[in-house]
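For reference, the structure discussed in these notes is given below.
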Amino acid sequence: EAACLPFIIHHSSFITTCLMRRWLKPLVLLSRLALAAMFLFAAGAKLYTIRDFVANLTNLVEESWVWPVAVAVIGAEIVAALLLLLSRTARAGAALSAALLLGFAAYALYYVYALNGEPLECGCFGGIIASQLGVSTALRNLAFLVPALLVFFLQPRLRRPASSETAPAPSSTTAPV
């Protein structure tokens, strides 16, 4: 912090740089790793209890969609985790994470309120961590949006080289014929 103080007085843009370096960068990294761990745990738990997870899905989707939905959910969770682990793809992982979390929260609320569904184990963590599908599940998923949004908006973007650095300079020795 002391190294930042002389710059704060004369250069307010350094405030953001110092904060990013000091607090936000570790917070974004922690958010990436926590989300990746959560999605890997959720996918692993579903795989470990795959029969229970699929049986639970029969209450949520039509029979013909059970296995495709199971594979898609588990696959998307694994992909989101892997994207979050790599710095170059963390923003894409955060976007996929946010989409999954919003989708899960919306479906939990839809099941309970629109379909008037009976209380049901959500299967979010393969039944290893019990929770019922409903408002608490939706709120938990919405709370996980906070780290996903931190990563999406604060993860440094990849910078492309300026066009003058990548394009060859025009040759002044060649004259039109």
Side-chain donor-acceptor contact under 3.5 Å, Q155 with S87: yes
W65 side chain near L60 side chain, heavy-atom distance below 4.5 Å: no
Could you pull out the closest heavy-atom pair between [X] and [Y], with the gap in Å?
| X | Y | value |
| --- | --- | --- |
| V66 | T58 | CG2-CG2, 3.8 Å |
| P147 | L35 | C-CD1, 3.7 Å |
| L150 | V28 | O-CG2, 4.0 Å |

Using atom types as modelled, flag every donor-acceptor pair under 3.5 Å from a side chain in residues 71-79 to any protein atom, sequence neighbours excluded.
residue : atom : partner : partner atom : Å
E77     : OE1  : A43     : N            : 3.4
E77     : OE1  : K46     : NZ           : 3.1
E77     : OE2  : K46     : NZ           : 2.9

Residue pairs, two or more places apart or on separate chains, that pass side-chain hydrogen bond (donor to acceptor under 3.5 Å, both in side chains) and touch residues 94-107: none
Roughly how far, to the nearest 0.5 Å, is the [atom2] atom of [Y] from the [atom1] atom of [X]?
| X | Y | atom1 | atom2 | answer |
| --- | --- | --- | --- | --- |
| L82 | L40 | CG | CG | 6.5 Å |
| L109 | L115 | CG | CG | 11.5 Å |
| L96 | T89 | CG | OG1 | 10.5 Å |
| M38 | L84 | CE | CG | 9.0 Å |
| L100 | N141 | CG | CG | 9.5 Å |

same_hphob_cluster(F39, L30) at 4.5 Å side-chain heavy-atom cutoff: no
Joint cluster assignment, L86 & V151, ILVMFWY side-chain distance < 4.5 Å: no
Any donor-acceptor N/O pair, R32 side chain to L85 backbone, under 3.5 Å: yes
L149 vs L154, side-chain contact (heavy atoms from CB on, under 4.5 Å): CA-CA, chis, key distance, verdict: CA-CA 8 Å; L149 294 174; L154 299 178; over 6 Å; no
By ring-ring contact (aromatic ring centres under 6.0 Å, His included) - contacts of Y113 (at least two apart): none
